[in-house]
Amino acid sequence: MRSFLLLILMMLSACVKPVKPESFAQNSPTFRPETFFGTTATGHGVIQSAGGKPARQIRVESRGSTLPDGRFRLDQTIYEGSKVSQRHWIMTRFDDHRYTATLSDADGPVKAEVYGNLFHLRYLLKKPFVTMEQWLYLQRDGKTVLNEGTIRMPGRTIARLSEIIVRQSE
């Protein structure tokens, strides 16, 4: 009986349509990553295992700047307990909704889109077949972002990220 109920739940969850980024187009304030991250920002979050258990707590310090050619550079320091690592982004805006980026943690280009208060990213990590998808929601105060991320391998979720990012006033 338990297996049957699990099968039914899996079938029902497969019927849920994914959220389309375009559905956030009318939400405000408008998220521009080069504006939000164009100063210092601090994120605090947790990475959960596939089973939902907190696996790691993280703190991320971010600092961005516009490059002379118009691209945007974002430098991040990630703290996980006693482990410290660096990550670097270079973003290029194509139009009102599309960005592409390079990321030191990614294997290939990062595809990103902005609609209203949503910044949506997808990329392949430097681990074989492991992808990351992030949904960053700028809150009404214009200084706080909720970041929900999913790390997947083909056919299964392996971890989830929940993070609150706060932009510092300068």
According to the salt bridge (Lys or Arg N to Asp or Glu O under 4.0 Å) rule, which pairs have a member within residues 129-152, sequence neighbours left out? Glu133-Arg152
Only counting residues at least two apart or in another chain, list the ones meeting salt bridge (Lys or Arg N to Asp or Glu O under 4.0 Å) with Asp107. none
Thr150: side-chain hydrogen bond (donor to acceptor under 3.5 Å, both in side chains) partners, not counting sequence neighbours: Arg160
Using side-chain hydrogen bond (donor to acceptor under 3.5 Å, both in side chains) as the criterion, list what pairs up with Thr131, not counting sequence neighbours. none
Those residues that, when tested against Ala159, pass side-chain contact (heavy atoms from CB on, under 4.5 Å) (two or more places apart): Ile47, Ile151
With sequence neighbours excluded, what pairs up with Glu163 under the side-chain hydrogen bond (donor to acceptor under 3.5 Å, both in side chains) test? Asn147
Just jot down the ring-ring contact (aromatic ring centres under 6.0 Å, His included) partners of His88, sequence neighbours excluded, or say none. none
Could you walk me through whether Met91 and Leu103 satisfy the side chain to side chain contact (heavy atoms under 4.5 Å, CB included) test, starting with their C-alpha distance in whole Å, then the side-chain angles of each, then the deciding distance to 0.1 Å, before giving a yes or no? CA-CA 9 Å; Met91 294 182 204; Leu103 169 61; over 6 Å; no
Would you please name every residue forming a side-chain hydrogen bond (donor to acceptor under 3.5 Å, both in side chains) with Glu61, sequence neighbours left out? Thr42, Arg59
With sequence neighbours left out, what residues match Arg98 under side-chain contact (heavy atoms from CB on, under 4.5 Å)? Phe94, Asp95
Determine which pairs satisfy ring pair (Phe, Tyr, Trp, His ring centres under 6.0 Å) with at least one residue from residues 25-71, sequence neighbours left out, and list them in order. Phe31-Phe36, Phe31-Phe119
Checking Ile164 now: which residues fulfil side-chain contact (heavy atoms from CB on, under 4.5 Å) with it, not counting sequence neighbours? Thr144, Leu146, Val166
Fellow cluster residues of Ile90, listed by chain then number, with links counted only when side-chain atoms sit under 4.5 Å apart: Leu67
Just checking, any donor-acceptor pair under 3.5 angstrom between side chains of Glu113 and His120? yes
